[in-house]
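Read the numbers this way: they start at 1 and go in the same order the structure lists the ligands and their atoms. Sequential numbering from 1 along the given sequence is applied to the chain's residues.
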Amino acid sequence: MDEQTILTERRTGYHMITLNRPRRLNAFCEPMHHALRQAIAEAEGDGACRALLLTGAGRAFCAGQDLNERISKDGEVNVLGSALESHYNPLIRKLRALPFPVVAAVNGIAAGAGANLALACDLVLAARSASFVEAFIRIGLVPDCGGTWTLPRLIGPARARALALTGEPLPAEKAEAWGLIWKCVDDEELLDAAHRLCAHFAVAPAVGLALTKRLLDESWSNDLDAQLDLERECQREASLAPDYAEGVRAFLQKRSPVFTARREV
Ligand code: T3D
């Protein structure tokens with residue numbers, strides 16, 4: 001029987017994707033890339049989906065590329081680059097561009113592309129026992145999946161360099177203290193916390209969420225002047241969505257808002 005490399009679940013207002021190769025610590029193989037792409041496309045194509053939850057099965061989140069795929073029968077290793085072009089880079093670009101929050105629930109070790117996949121998500125929750133390993137240098141590679149972009153921006157150049165150049169594991173608690181991730185929680189609370197977060201986004205203003213993501217992403221390449229202009233444009237767009245009127249009315253009527261605007265698919 002074919003391995004089910006990805007498990008998907010539709011919850012009210014959000015989708016959940018579980019990387020499912022626990023015996024290989026959810027390392028990426030070719031079929032998993034295809035299944036993940038398909039699952040993300042389904043979430044994006046579902047107008048009712050307002051958040052995506054990404055986690056791993058078993059004791060790891062993801063150990064990066066399955067290295068068994070990188071060695072031929074006669075023991076030769078392949079020249080790399082094409083999988084970045086065809087799989088990893090489109091995956092990271094897609095996750096960053098999704099118009100709703102992506103929540104990573106890092107249930108265990110996240111190594112190599114697995115670590116940087118988690119760090120490309122909008123919010124990262126990690127189990128206390130989890131750790132992040134820029135494992136690339138241990139096998140003579142360089143960080144990919146945007147790690148050389150994400151790490152220095154999140155934790156500064158000194159810490160980014162140390163992680164990338166040594167490949168030392170960073171425990172989840174320290175990752176939280178350094179600002180690499182949003183929150184570290186007790187292992188048994190991780191999934192509940194992640195579901196609560198996604199359920200919160202499921203009833204949040206969809207247009208506001210999408211525009212906020214866009215603003216924060218574009219701020220990296222804008223100067224203050226350009227960013228102020230972009231904020232003006234996005235605020236205008238947000239105010240045109242019915243959720244803004246509902247938010248103001250609910251505030252003035254001292255009740256909870258009911259946001260209904262669906263995002264365009
Ligand atoms: O095209 C391209 O390839 C470019 C893209 C590159 C992206 C990358 O991600 S490169 C980096 C690849 N990942 C790694 O180098 C990490 C390799 N794994 C490890 O260093 C360790 O497994 C961990 C530090 C993640 C965890 O260590 P530990 O001691 O908790 O577990 P373990 O015993 O090493 O692993 C458990 C099993 O999973 C084991 O299999 P076995 O012996 O029980 O049959 C191990 O071989 C397997 N496994 C773990 N990681 C991978 C893997 N099998 C294939 N590929 C893996 N990446």
Side-chain angles (χ1 to χ4, degrees), residues 2-7 17-37 40 54-96 102 104-121 124 126-152 154 160-175 180-181 184 187 190:
D2 282 352
E3 186 185 26
Q4 215 182 342
T5 55
I6 294 288
L7 303 176
I17 297 177
T18 305
L19 307 176
N20 187 42
R21 302 186 71 223
R23 275 177 300 173
R24 291 269 168 89
L25 306 189
N26 304 320
F28 271 101
C29 60
E30 187 77 14
M32 189 159 110
H33 274 295
H34 292 287
L36 181 57
R37 183 176 299 188
I40 293 173
L54 184 61
T55 192
R59 71 176 176 92
F61 176 72
C62 173
Q65 172 60 40
D66 188 326
L67 297 173
N68 295 293
E69 280 188 350
R70 292 293 176 265
I71 198 145
S72 64
K73 285 202 180 81
D74 52 15
E76 292 294 311
V77 293
N78 318 120
V79 176
L80 302 184
S82 66
L84 295 183
E85 190 60 28
S86 55
H87 296 313
Y88 289 104
N89 290 357
L91 169 63
I92 300 301
R93 288 190 178 111
K94 173 55 76 184
L95 285 180
R96 299 292 301 190
V102 183
V106 179
N107 51 302
I109 199 158
N116 292 338
L117 168 66
L119 299 178
C121 296
V124 185
R128 210 166 293 286
S129 65
S131 57
F132 297 82
V133 195
E134 293 295 321
F136 308 89
I137 196 64
R138 295 183 181 188
I139 54 169
L141 292 183
V142 300
D144 55 27
C145 289
T148 55
W149 189 91
T150 318
L151 285 169
L154 291 174
R161 274 170 195 261
L163 290 184
L165 294 174
T166 66
E168 265 186 36
L170 183 71
E173 280 184 358
K174 209 166 185 180
L180 184 69
I181 63 168
C184 164
D187 289 23
L190 178 70

Worked verdict on Val142 versus Thr148 for side chain to side chain contact (heavy atoms under 4.5 Å, CB included)
CA-CA 9 Å; Val142 300; Thr148 55; over 6 Å; no
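Between Asn20 and Ile6 the shortest side-chain heavy-atom distance does not fall below 4.5 Å. Proximity of Ile137 to Leu165: side-chain heavy atoms (C-beta onward) are nowhere separated by under 4.5 Å. Contact of the Ile40 side chain with the Leu91 side chain is registered, since non-hydrogen atoms from C-beta on lie closer than 4.5 Å. In this structure, the side chains of Arg21 and Cys29 come closer than 4.5 Å at one or more pairs of heavy atoms. Side-chain contact between Leu141 and Gln65 is absent, with no heavy atoms from C-beta onward closer than 4.5 Å. Using a 4.5 Å heavy-atom threshold, the side chains of Val124 and Phe61 count as separate. Side-chain contact between Leu151 and Leu163 is present, with at least one heavy-atom pair separated by less than 4.5 Å. For the pair Asn68 and Arg24, the minimum side-chain heavy-atom distance is below 4.5 Å.
Protein heavy atom nearest atom 6 (C) of ligand 1, with residue, atom name and distance: Asp144 OD2, 3.2 Å. Atom 54 (C) of ligand 1 has Asp66 OD1, 3.2 Å as its closest protein atom, hydrogens excluded (heavy atom only). The closest protein non-hydrogen atom to atom 35 (O) of ligand 1 is Leu25 CD1, 3.6 Å. The closest protein non-hydrogen atom to atom 31 (O) of ligand 1 is Arg59 NH2, 3.0 Å. Gln65 O, 3.6 Å is the protein heavy atom nearest to atom 56 (C) of ligand 1. For atom 37 (C) of ligand 1, the nearest non-hydrogen atom of the protein is Arg23 O, 3.6 Å. Regarding atom 20 (O) of ligand 1, its nearest protein heavy-atom neighbour is Arg138 NH1, 4.0 Å. The protein atom (non-hydrogen) at minimum distance from atom 53 (N) of ligand 1 is Arg24 CD, 3.4 Å.
Close approach of ligand 1 to Ile139 is summarised as follows: ligand atoms under 4.0 Å from at least one heavy atom of the residue are 15 (O). Of all atoms in ligand 1, listed by their number and element, those nearer than 4.0 Å to a heavy atom of Ala113 are 7 (C), 8 (C), 9 (O). Contact atoms of ligand 1 toward Gly64: 9 (O) (distance under 4.0 Å to a heavy atom of the residue). For ligand 1, the atoms closer than 4.0 angstrom to any heavy atom of Ala83 are 1 (O).
If you look at Ile109 next to ligand 1, the close heavy atoms, those under 4.0 Å, all belong to the side chain. With a heavy-atom cut-off of 4.0 Å, Val133 does not touch ligand 1 at all. Contact annotation: for Ala111 versus ligand 1, heavy atoms closer than 4.0 Å belong to the side chain alone. At a heavy-atom distance under 4.0 Å, atoms from both the backbone and the side chain of Leu67 approach ligand 1. Neither the backbone nor the side chain of Glu134 has any atom closer than 4.0 Å to an atom of ligand 1 (non-hydrogen atoms only).
Judged purely by atom type and a 3.5 angstrom limit, Arg128 has no side-chain atom pairing as donor or acceptor with the backbone of Glu173. Remark: side-chain polar atoms of Thr18 are not paired, donor with acceptor, to backbone N or O of Ala57 under 3.5 angstrom. Under a 3.5 Å cut-off, the side chain of Asn116 and the backbone N or O of Asp144 do form a donor-acceptor pair.
Taking distance alone, with nitrogen or oxygen atoms compared against 3.5 Å, Ala63 approaches ligand 1 more closely than that limit. Checked by distance only, ligand 1 and Arg70 come closer than 3.5 Å through their nitrogen or oxygen atoms. Looking at Phe136 next to ligand 1, no N or O pair under 3.5 Å apart turns up. Backbone and side-chain nitrogen or oxygen atoms of Leu80 are examined, and none is located within less than 3.5 angstrom of a nitrogen or oxygen of ligand 1.
By the definition of a contact as any protein heavy atom under 4.0 Å away, atom 45 (C) of ligand 1 is not in contact. Distance check for atom 39 (C) of ligand 1: every protein heavy atom is found at 4.0 Å or beyond. Within a 4.0 Å radius of atom 9 (O) of ligand 1, the protein contributes one or more non-hydrogen atoms.
The 12-atom threshold is exceeded at CZ of Arg70, counting heavy atoms of other residues, nucleotides or ligands nearer than 6.0 Å.
Ring geometry for Phe28 against His33 counts as parallel: the plane angle stays under 30°, on a 0 to 90° scale with 60° as the upper cut.
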